[in-house]
Amino acid sequence: KGHRFDAVVDWVAYLPAHVEADIRIFSGIADQYVFISSASAYQTPPDKLPVTEETPLENPVWQYSRDKIACERVLEKEYASSGFPYTVVRPSHTYDP
């Protein structure tokens with residue numbers, strides 16, 4: 001309570017309930033919410049290459065990807081109803097040492 005954030009970046013939201021909780025917590029106190037999704041959310045297999053932002057979100061192969069798509073849909077819906085400011089990043093490669 002009592003804090004305001006320029007941006008909140010969530011790397012560990014995997015389910016719609018995680019994003020819904022973030023929306024409740026950060027609505028009105030964060031200028032931008034950044035959701036780290038996955039490039040695996042793009043259509044698999046793709047109808048055409050290259051894969052772009054216009055490529056549909058559809059992955060019948062991996063539940064993880066479908067959950068990330070569902071999270072993005074929650075954000076789209078919240079933006080449409082309240083203007084909740086969000087950005088989606090879909091990294092294709094993540095790594096660590």
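- The shortest side-chain heavy-atom distance between Glu72 and Val19 does not fall under the 4.5 Å cut-off.
- The heavy-atom pair separating Thr55 from Pro50 by the smallest distance is OG1-O, 4.3 Å.
- Formation of a donor-acceptor pair under 3.5 Å by the Ser65 side chain with backbone atoms of Ser40 is found in this model.
- Linking Ile, Leu, Val, Met, Phe, Trp and Tyr whenever their side-chain heavy atoms come within less than 4.5 Å leaves Val34 and Ile29 in two separate clusters.
- Closest approach of Pro91 to Ile36, counting heavy atoms only: CG-CG2, 3.8 Å.
- To the nearest 0.5 Å, the span separating CD1 on Ile69 from CD on Glu58 amounts to 7.5 Å.
- The environment of Glu53 atom CD is sparse: at most 12 non-hydrogen atoms of other residues, nucleotides or ligands sit within 6.0 angstrom.
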Practice problem: Evaluate the criterion side chain to side chain contact (heavy atoms under 4.5 Å, CB included) for residue pair Ile23 and Leu75; output intermediate values, then yes/no. | Solution: CA-CA 8 Å; Ile23 291 168; Leu75 290 165; 4.1 Å; yes

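- In the hydrophobic cluster analysis, where Ile, Leu, Val, Met, Phe, Trp and Tyr join through side-chain heavy atoms closer than 4.5 angstrom, Val74 is grouped together with Ile25.
- Distance CZ/Arg66 to SG/Cys71: 13.0 Å, rounded to 0.5 Å.
- Side chains of Val8 and Asp22 form no contact here, defined as non-hydrogen atoms less than 4.5 Å apart.
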Exercise. Would you please test Gln43 and Val51 for side chain to side chain contact (heavy atoms under 4.5 Å, CB included) and show each step?
Key: CA-CA 8 Å; Gln43 187 177 51; Val51 171; over 6 Å; no

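- Counting only distance, with no hydrogens or angles, the side chain of Gln32 and the backbone of Tyr86 share a donor-acceptor pair below 3.5 Å.
- Tyr79 and Phe5 end up in the same hydrophobic cluster when Ile, Leu, Val, Met, Phe, Trp and Tyr side chains are linked at under 4.5 Å.
- The ring pair (Phe, Tyr, Trp, His ring centres under 6.0 Å) test applied to Phe84 returns Tyr33, not counting sequence neighbours.
- In this structure, CZ on Arg90 lies 11.5 Å from NZ on Lys68, to the nearest 0.5 angstrom.
- When every heavy atom of His18 is checked against every heavy atom of Val12, the shortest pair comes out as ND1-O, 4.2 Å.
- Residue pairs meeting the ring-ring contact (aromatic ring centres under 6.0 Å, His included) criterion with at least one partner in residues 42-62, sequence neighbours excluded, are Trp62-Tyr64.
- In this structure, the side chains of Arg73 and Leu57 come closer than 4.5 Å at one or more pairs of heavy atoms.
- For the salt bridge (charged side-chain N to carboxylate O under 4.0 Å, His left out) test, no residue two or more places apart in sequence or in another chain qualifies with Arg24.
- Under a hydrophobic-cluster definition in which Ile, Leu, Val, Met, Phe, Trp and Tyr are linked whenever side-chain heavy atoms come within less than 4.5 Å, directly or via other members, Val88 and Val9 are assigned to different clusters.
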